[in-house]
Trainee: 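Below you will find the structure I want to go over with you.
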Amino acid sequence: MTAGVYGEKLEENIQALHERLRKGSYRAPPVRRAKIPKEDGSFRELGIPTLEDKIVQKAVAMILEAIYEQDFRECSYGFRPGRSAHEALEALRKAILFGKVNWVLDADISRFFDEMDHRKLMEIVRRRVKDGRIVRLIGKWLKAGVMTEAGIQPRERGTPQGGVISPILANIFLHHVLDEWMEDVVYGRMSGECRYIRYADDFLILFQKEDDARRVLAVLPKRLGKFGLRLNEGKTKLIRFGRFAKEQESRQNRKPETFDFLGFTHYCGESRHGKFQVMRQTQRKRFQKAVTRVVEWVKSNRCLPRKEQHHHLCMVLRGHYQYYGVTGNLRRIKGSFYRVTRAWCQWLRQRSQRHTLSWERFAEYLKRYPLPIPCLPKSYVHAVANP
């Protein structure tokens, strides 16, 4: 059912939905599975709930948010009101720039949303949520089947990505599994500085001393295994990073390693004055994927009126600049602008077997329908690191 059809009898439908929830007769319908290709060639399985289920999930998510927001730690940034990925990136930059960071543990949880243990999650939820109706609703969503080509399949583990309730459940689970453990247990056992930053299921741990880093790396799989999760050893790595690491590596004529976080590749660099800086640029795979997606759209919609093409490309470029437009990333931003502009000109030429659109004519056309100029909305004034 579409939102338009549901809205034709909105009051009647909402009243009926409320009555089923009050009586406890509401049944969570199965979700529709959709597969989204990932950068490594595999697929991310999304679960698309029904319209009415989204309404109920949103209401419960608001209740859980009001309960848990006062408990969540400062180290958590993903899917929380008033917090964003850029705040997590800025916290990471400042921690490395002003802290005594020499090592970065770039950890990855293998198939987190697919492997989340239902029993463990419900035990964690029951500690703070005492309303049995809310707890039963969460249990129904966890156990709801998945619609596939072979029929409805039961789900024993995990929560579907794409569900409205999934982000808050993931935060609740990882708040107990990682956030509390790191800040209440791990920090006190470190001999040097330690900092932990998490965005949804992506997290980094920063260390001053290598011994501390290796101790945590050794015990982290055991901690995750206690809750039915696994560390992806192929994507988890411990690297030397920071201004002290840069100095040490430069003595051996080597460059410090890089790591990826929230779509950016982080590397050691210098400001104009020769001071250490944490530099970021668009992750190569993300850059290629974003450009390819736009080129494919232009190719598929080359027969649309040029005004409509211009409107869509402007929205895409502005959105790209808004997220990836950070200090030090201007080269990749300009690369995106150039590739999109070139693709638009190329496929406009394909409207006719005998094109007459030269670069000079296309440049005149861009004066009438200009594309957004590359910019850095999230730029900042370089701060000077502590000596």
Side-chain angles (χ1 to χ4, degrees), residues 2-4 32-48 51 84-86 89 149 161-162 200 202 258 260-267 279-379:
T2 64
R32 179 166 59 88
R33 175 177 292 175
K35 293 185 178 181
I36 306 298
K38 298 173 67 174
E39 297 169 356
D40 57 3
S42 60
F43 289 90
R44 175 180 286 110
E45 295 184 353
L46 300 183
I48 305 175
L51 174 66
S84 66
H86 284 106
L89 291 167
E149 296 178 356
Q161 287 182 268
D202 296 326
T258 65
D260 298 326
F261 185 59
L262 299 181
F264 290 92
T265 296
H266 295 70
Y267 62 97
M279 306 302 292
R280 297 171 292 191
Q281 65 179 10
T282 308
Q283 196 174 334
R284 183 179 297 274
K285 291 182 179 179
R286 295 285 185 95
F287 174 79
Q288 294 293 347
K289 184 178 179 180
V291 170
T292 300
R293 186 166 54 243
V294 176
V295 172
E296 290 296 325
W297 184 91
V298 175
K299 177 182 177 181
S300 301
N301 296 274
R302 58 184 180 274
C303 294
L304 284 179
R306 296 182 181 183
K307 188 175 182 179
E308 294 184 19
Q309 292 180 344
H310 172 258
H311 178 70
H312 178 83
L313 293 177
C314 285
M315 289 195 302
V316 170
L317 286 174
R318 289 193 190 102
H320 188 82
Y321 299 163
Q322 192 65 27
Y323 185 78
Y324 290 105
V326 301
T327 302
N329 198 31
L330 185 60
R331 182 178 179 182
R332 286 284 170 90
I333 292 294
K334 288 183 176 179
S336 301
F337 174 81
Y338 173 76
R339 294 278 292 275
V340 170
T341 303
R342 186 179 181 87
W344 194 18
C345 178
Q346 175 187 351
W347 289 106
L348 283 178
R349 291 173 174 175
Q350 301 300 319
R351 287 187 169 194
S352 172
Q353 293 181 351
R354 187 176 180 181
H355 79 82
T356 57
L357 184 62
S358 63
W359 271 107
E360 290 74 18
R361 289 189 58 190
F362 182 69
E364 291 296 324
Y365 175 75
L366 286 178
K367 294 180 181 179
R368 181 179 179 185
Y369 293 106
L371 294 175
I373 300 299
C375 61
L376 304 177
K378 303 297 181 181
S379 63

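Numbering starts at 1 and runs along the sequence shown.
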Trainee: Which atom pair, heavy atoms only, marks the closest approach of P374 to I333?
Mentor: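 Shortest heavy-atom separation between P374 and I333 comes out as CB-CG2, 3.5 Å.
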Trainee: Taking all heavy atoms of A343 and all of V295, pick out the closest pair and write down the distance.
Mentor: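 Result for this residue pair: CB-CG2, 3.7 Å.
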Trainee: Which pair of non-hydrogen atoms, one from C375 and one from Y321, has the smallest distance, and what is that distance?
Mentor: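 So the minimum-distance heavy-atom pair works out to SG-CD1, 4.1 Å.
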Trainee: Enter the distance from R286:CZ to R332:CZ here, rounded to the nearest 0.5 Å.
Mentor: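 Here the interatomic distance stands at 13.0 Å.
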Trainee: Could you walk me through whether H86 and V326 pass the side-chain contact (heavy atoms from CB on, under 4.5 Å) check?
Mentor: CA-CA 9 Å; H86 284 106; V326 301; 4.2 Å; yes
Trainee: For residues T2 and L51, report the shortest heavy-atom separation together with the two atoms involved.
Mentor: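 Minimum heavy-atom contact is O-CD2, 3.5 Å.
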Trainee: If you apply the rule side-chain contact (heavy atoms from CB on, under 4.5 Å), what do you find for L348 with R306, and how did you get there?
Mentor: CA-CA 9 Å; L348 283 178; R306 296 182 181 183; 4.0 Å; yes
Trainee: Under the salt bridge (Lys or Arg N to Asp or Glu O under 4.0 Å) definition, can you give me all pairs with a residue in residues 361-374, not counting sequence neighbours?
Mentor: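 For residues 361-374, and leaving out neighbouring residues, the salt bridge (Lys or Arg N to Asp or Glu O under 4.0 Å) pairs sorted by first residue read E364-K367.
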Trainee: Kindly indicate whether the side chain of N301, heavy atoms from C-beta on, has any atom under 4.5 Å from the side chain of E308.
Mentor: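 A side-chain contact under 4.5 Å is absent here.
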Trainee: Under 6.0 Å between ring centres: does that hold for Y369 and W344?
Mentor: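 No, the ring centres sit 6.0 Å or more apart.
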Trainee: First locate atom OH of Y323, then atom CG of L262, and finally report the distance between them rounded to the nearest 0.5 Å.
Mentor: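 Those atoms lie 4.5 Å apart.
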Trainee: Rounded to the nearest 0.5 Å, what separation is found between the CD1 atom of I373 and the NZ atom of K334?
Mentor: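 The CD1 atom of I373 sits 10.5 Å away from the NZ atom of K334.
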Trainee: Please name the pair of heavy atoms, one in C314 and one in P370, separated by the smallest distance, quoted to 0.1 Å.
Mentor: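 Taking every non-hydrogen atom into account, SG-O, 3.9 Å.
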Trainee: May I ask you to decide if the ring planes of Y324 and H320 are parallel, tilted or perpendicular, using 30° and 60° as cut-offs?
Mentor: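 Taking H320 first and then Y324, their aromatic rings sit tilted (interplane angle of 30° to 60°).
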Trainee: How long is the gap from OG1 on T282 to CZ on R331, to the nearest 0.5 Å?
Mentor: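 Answer for the OG1-CZ pair, T282 versus R331, is 12.0 Å.
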Trainee: I need the D260 CG to H266 NE2 distance, nearest 0.5 Å.
Mentor: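 So the gap between those two atoms works out to 8.5 Å.
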Trainee: List the steps and the verdict of side-chain contact (heavy atoms from CB on, under 4.5 Å) for L371 and L317.
Mentor: CA-CA 8 Å; L371 294 175; L317 286 174; 4.1 Å; yes
Trainee: Does a side-chain heavy-atom distance below 4.5 Å link R302 with R349?
Mentor: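 A side-chain contact under 4.5 Å is absent here.
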Trainee: What distance do W347 atom CH2 and C303 atom SG have between them, rounded to the nearest 0.5 Å?
Mentor: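 It is 10.5 Å, given to the nearest 0.5 Å.
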Trainee: Quick check: closest heavy atoms across F287 and S336, and the distance to 0.1 Å?
Mentor: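 Here F287 and S336 meet closest at CE1-OG, 3.2 Å.
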Trainee: For residues Q281 and Y267, determine if any side-chain heavy atom of one lies less than 4.5 Å from a side-chain heavy atom of the other.
Mentor: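 Sidechains of Y267 and Q281: in contact.
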Trainee: The test is side-chain contact (heavy atoms from CB on, under 4.5 Å); show your working for L304 and W297 and say whether it passes.
Mentor: CA-CA 11 Å; L304 284 179; W297 184 91; 4.1 Å; yes
Trainee: Within the 4.5 Å heavy-atom criterion, are V316 and V340 side-chain neighbours or not?
Mentor: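 A side-chain contact under 4.5 Å is absent here.
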